[in-house]
Amino acid sequence: MTRRGLVPGLFLLPAVAGAFFLGGAATAGGTPHCDGVIKEYGDAERSGAMKPGETCDLYDFADGRSAGTRTYDQQKKAQEEEASDDWLAGGLLLAYGLAGLSVAVLRAPPTVTGKPGAP
């Protein structure tokens, strides 16, 4: 691969990552989602969307240890903060990638066509 194709490709990676983060932030719904375990009536357990008044037991799934609990309101606030972080990171990555990509493409040396040494 030539320098002409490599440099724009390196700026395309952060642009794609930025678009991914922005997409995740844009589709974050208003309902808190528990990635851990919600204990329901009796011994029933589930994960997924939370309802007001429920508590989510958070787990570190790598080692199975409890990472604490969050109420409905705490989980909603945590997800809103995560979405705002994703908006910022996604915007910065996308802006960096697109700016670098445009500079790399516009400032690239012209391609030479024809045979070497031809007038």
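- Atoms CZ and CG, from Phe20 and Leu94 in turn, are 14.0 Å apart once rounded to the nearest 0.5 Å.
- Separation of atoms OH (Tyr59) and SG (Cys34) is listed at 9.5 Å; rounding is to 0.5 Å.
- Interatomic distance, Asp35 CG to Asp57 CG, rounded to the nearest 0.5 Å: 13.0 Å.
- For the residue pair Arg70 and Ala78, the shortest heavy atom distance occurs at NH1-CB, 3.5 Å.
- Under the 4.5 Å side-chain heavy-atom criterion for Ile, Leu, Val, Met, Phe, Trp and Tyr, Leu92 and Trp87 are members of distinct hydrophobic clusters.
- Looking at Gln75, Lys76, Lys77, Glu81 one by one, the single match for side-chain hydrogen bond (donor to acceptor under 3.5 Å, both in side chains) with Gln79 turns out to be Gln75.
- No chain of hydrophobic side-chain contacts below 4.5 Å, direct or via other Ile, Leu, Val, Met, Phe, Trp or Tyr residues, connects Leu93 to Leu12.
- Nearest approach of Gly36 to Cys56, heavy atoms of both residues: N-SG, 4.0 Å.
- Counting all heavy atoms, side chain and backbone alike, Gly91 lies closest to Leu22 at N-CD2, 3.7 Å.
- Considering CD1 of Ile38 and OG1 of Thr69, their distance stands at 12.5 Å, rounded to 0.5 Å.
- Considering every non-hydrogen atom in both Phe11 and Ala104, the closest pair reads CD1-CB, 4.3 Å.
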Exercise answer: donor-acceptor pairs, residues 95-103 side-chain atoms, under 3.5 Å, sequence neighbours excluded:
residue, atom, partner, partner atom, Å
Ser102, OG, Leu98, O, 3.2
Ser102, OG, Ala99, O, 2.9

